[in-house]
Structure formats: C-alpha cells, structure tokens
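Step one of this worksheet: look at the structure below.
Every chain is numbered from 1 and lettered A, B, ... according to where its sequence line falls, protein lines coming before strand lines. Here the structure is a predicted model, which is why all the values come from computation and not from measurement.
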2 protein chains.
Amino acid sequence: MKKGQDTRDLLQTHARRLFWSKGYSNVSVREVAKAAGVDVALIARYFGSKLGLFEATLDTLKKIDPDDFLTADSLVDAFVEMFANAPKEGTEASPISMILLNANDSEVGIIVARIQYEYWQSGLEKIIGSKSQAALFFAAMMGFSVGQKILHLDGIAELGSDEYRAQFRHMLTTAIASPDF
Amino acid sequence: MKKGQDTRDLLQTHARRLFWSKGYSNVSVREVAKAAGVDVALIARYFGSKLGLFEATLDTLKKIDPDDFLTADSLVDAFVEMFANAPKEGTEASPISMILLNANDSEVGIIVARIQYEYWQSGLEKIIGSKSQAALFFAAMMGFSVGQKILHLDGIAELGSDEYRAQFRHMLTTAIASPDF
DNA sequence: GATTGATGTCAATGAGTGTTGACTTATCGC
DNA sequence: GCGATAAGTCAACACTCATTGACATCAATC
C-alpha cells in the first residue's frame, strides 16, 4: 500500500494544477481526486476540507525571493518577461492572475490577494517610492494579467512581439517614474 | 393583480443590484426572486433562464455614449473621477469591475468582457492611437477597478484624496502618451 | 500470529442549484 | 356574466456539491 505522504503529494500536485488553471470554485473535490487517482474521502482525511487542500497549494507562492527585483529596471524587465513569455492557455495561471481567477469568491479571493499583495508590496514601495503608486502598479499588473490570461484581449494576447514588448516596457517605466511635480 | 411588466422590472432591478455586487455565480435565482418578492418560477417565465435574466441586466452597459470621451484630457478626467467618486462597498460594481467579478466564469465573464471592451475599444484606440496600447490601458483600468472594489488594496481604496488623485492622473496621462521612440 | 494504527473504500447524507409542469387566481374583452 | 388570456403559486425533479461515518485492507510491532 502506498505511503500516506505519496497520496498527499499526489492530491496537492493535481489540486494545484486544477485550482490554478480553472479557479477554486470551478474545481470540485471529486475532480481533484479523480485526477490524482485516489478516493474523494482522502481529501478530507489529509487536508480537512476543500479549502484546506487549496491553502496547501498556496505554499509555493511564498517561496519567490523579492530581492530579485531590487532596481526599477530589473523590476520592469521581470514584468515584461513575465507577460511576454506567458504560458499558453490551459496551463497553470501565474500567481497574479490567480487573484483574478478567484476574485469573485469572497473567501478564497481575499486569501490569494492578500498573500500576493503583501508579498509584492514592500518591494514595490521600495522601488517606486510611493505607497499609493505601488498599489496602482500592482493593480495594473493584475489587469494586464487578466486581460491576457482570462479574457484574451486582442493585442495583449500577443505580448511576445518586439513592438508590443517595447510599448509595454514604456508603459511600465513611466508608471514607475516619479510624477513631475 | 400586478401587471407583468412590473414584475419583470422588479426582477430586473434586483437582479442587477445582486449580480453586479456579488457576481453571477454567487447569486441564486431564489435569492433574486426573494429580494424582488416574487416567485422563483417567474424568472423562467419572463427571462427564460438565469442567464437570460443576467443578460437583461446588461442592457444599461450599452447606453453610455462613447463620444463623451473624445480627447485624451477628458478621457483621463473621466477615469479619474470614475475611481475617485467610486461608491462604497456593498453597492453596485462599476461596469468595468463587473468583468473581474465574473472573470472566473467562462460563460458569463466573456459575455461581460466582450461587451465592455468592444464598447471602449474604438474610443480608446482613437485617442491613444495604438491598438495594443489601448488594450493595455483598458487592462490597467480593470486592475485598478478590482484593486479598489474587490480587494480593497491599501491606497487605491482612498482614491478621493487630492494627492492620490494627482498621482493617478499622472499615471493615466503618461500611459496614454506616445512612447518616445 | 495477533494487535494496533495507518490507509483506503464505499455509500449515504444534507444542503444547494436551475428548471419544469400542473394548478389556481386575477384581469380584460366581449 | 363568460370565457380567454395573462399572471402567479406550489411542489417536485434532477442534478452537483462537500462532507461524513462505517467498514475493509494493509503494514508494522509485539
């Protein structure tokens, strides 16, 4: 018989993939269990509840090192690449678009958003200098993310092109820059 | 006995308020019927289905005149005021944040997003000049909206202050401006 | 080999969902 | 007043969902 930890890992892996691509409320525990090849009841055993299983998939969100983005240039670079090299549809969502994917779920959405924003907040404020401007920047990133990943807006979908990449870089740079007053 | 049109209007009014504040999937037909004080079955009678009722609440989305925003200045003004004077929590969502509120619902989210984007698209492109930049601008607006209305991010929540309003105006203005290349 | 505890199976529960059809009641035209 | 049509009521259906508890099965320990 398998070790319990294996089953746990199996559930967590498939839960992450499913939750992060379809959103919390669009995935049932039966679906996760079936994908993992185990019985539904084991979710309750190992994670207590569906929400417990979901929260277990959020661990990796906290493992990115914020010191990777210490200057404004590298921050812009990082974001440009994040969107330009975005994986195609059906794959896992980026951590940021995860927020939007669950925005309508008061319980889950706030959990994800808080984790994400608290993570980015200090770094963004350090670089941008203004708390409110950092919040605007973060919000704009969410918008780009949902525009690209969920709504597939014309234009944003093809962020890979050089011309568009330059435009995107320009927008981010000016957004980070200090106002002229 | 009431006229049928009255019941129809009553259902539509309460449906709009509920759908636009909690999102489509977070509102049940029974909840709408109870708020309107009528029987659930009447939703099927007058609107065919829950989705039909929802689509009926989208009519007002199409009634805003895009010619109100013909210059870049008035566009920025309109957006600044839209966010600065945003109604408090619990009230109806703005049309834009409606998109995010339903982003995780593949059926409903796309309906709302398409209506909204197709409405703004031509006007934005006319003002901004670039199709992709217009898409980015629209996406950023969605992000601001969800940051303010749904996630209540520190900073964005208080967009009414003069200092913040100035920062917001600056960000929008530079975002609309042409790149220096 | 028996006992114990971890692990996995199965069926059922109870709450919620949108939708349907038969029925009753009111309103209007004649 | 009568009949046709509109309007509203009620109960049920068929489904999905997360969760639970009783039961079975395995692995390790004594």
Next on the checklist: Just to verify, what does K22(A) make a salt bridge (charged side-chain N to carboxylate O under 4.0 Å, His left out) with, not counting sequence neighbours?
Outcome noted: E31(A)
Set of residues satisfying side chain to side chain contact (heavy atoms under 4.5 Å, CB included) with respect to [X], sequence neighbours excluded:
X	result
R30(A)	S28(A), V40(A)
A35(B)	H14(B), R17(B), L18(B)
A139(B)	F144(A), I156(A), M142(B)

Distance in angstrom units between [X] [atom1] and [N] [atom2], rounded:
X	N	atom1	atom2	result
L10(A)	dT7(C)	CG	C1'	14 Å
D6(A)	dA6(C)	CG	C1'	14 Å
F19(A)	dA18(D)	CZ	P	8 Å
L11(B)	dA7(D)	CG	P	13 Å
R8(A)	dA6(C)	CZ	P	15 Å
D9(A)	dT7(C)	CG	P	12 Å

Next on the checklist: Which residues pass the side-chain hydrogen bond (donor to acceptor under 3.5 Å, both in side chains) test with E125(B), not counting sequence neighbours?
Outcome noted: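 Per chain and number, E125(B) pairs via side-chain hydrogen bond (donor to acceptor under 3.5 Å, both in side chains) with Q121(B).
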Item to check | Contact state string [nucleotides 13-24 of chain C, B base, S sugar-phosphate only, - no protein heavy atom under 4.0 Å] | outcome: ----BBBBB---
Checklist entry - Once the angle between the rings of F19(B) and F54(B) is folded into 0 to 90°, is it parallel (under 30°), tilted (30 to 60°) or perpendicular (over 60°)? => result perpendicular
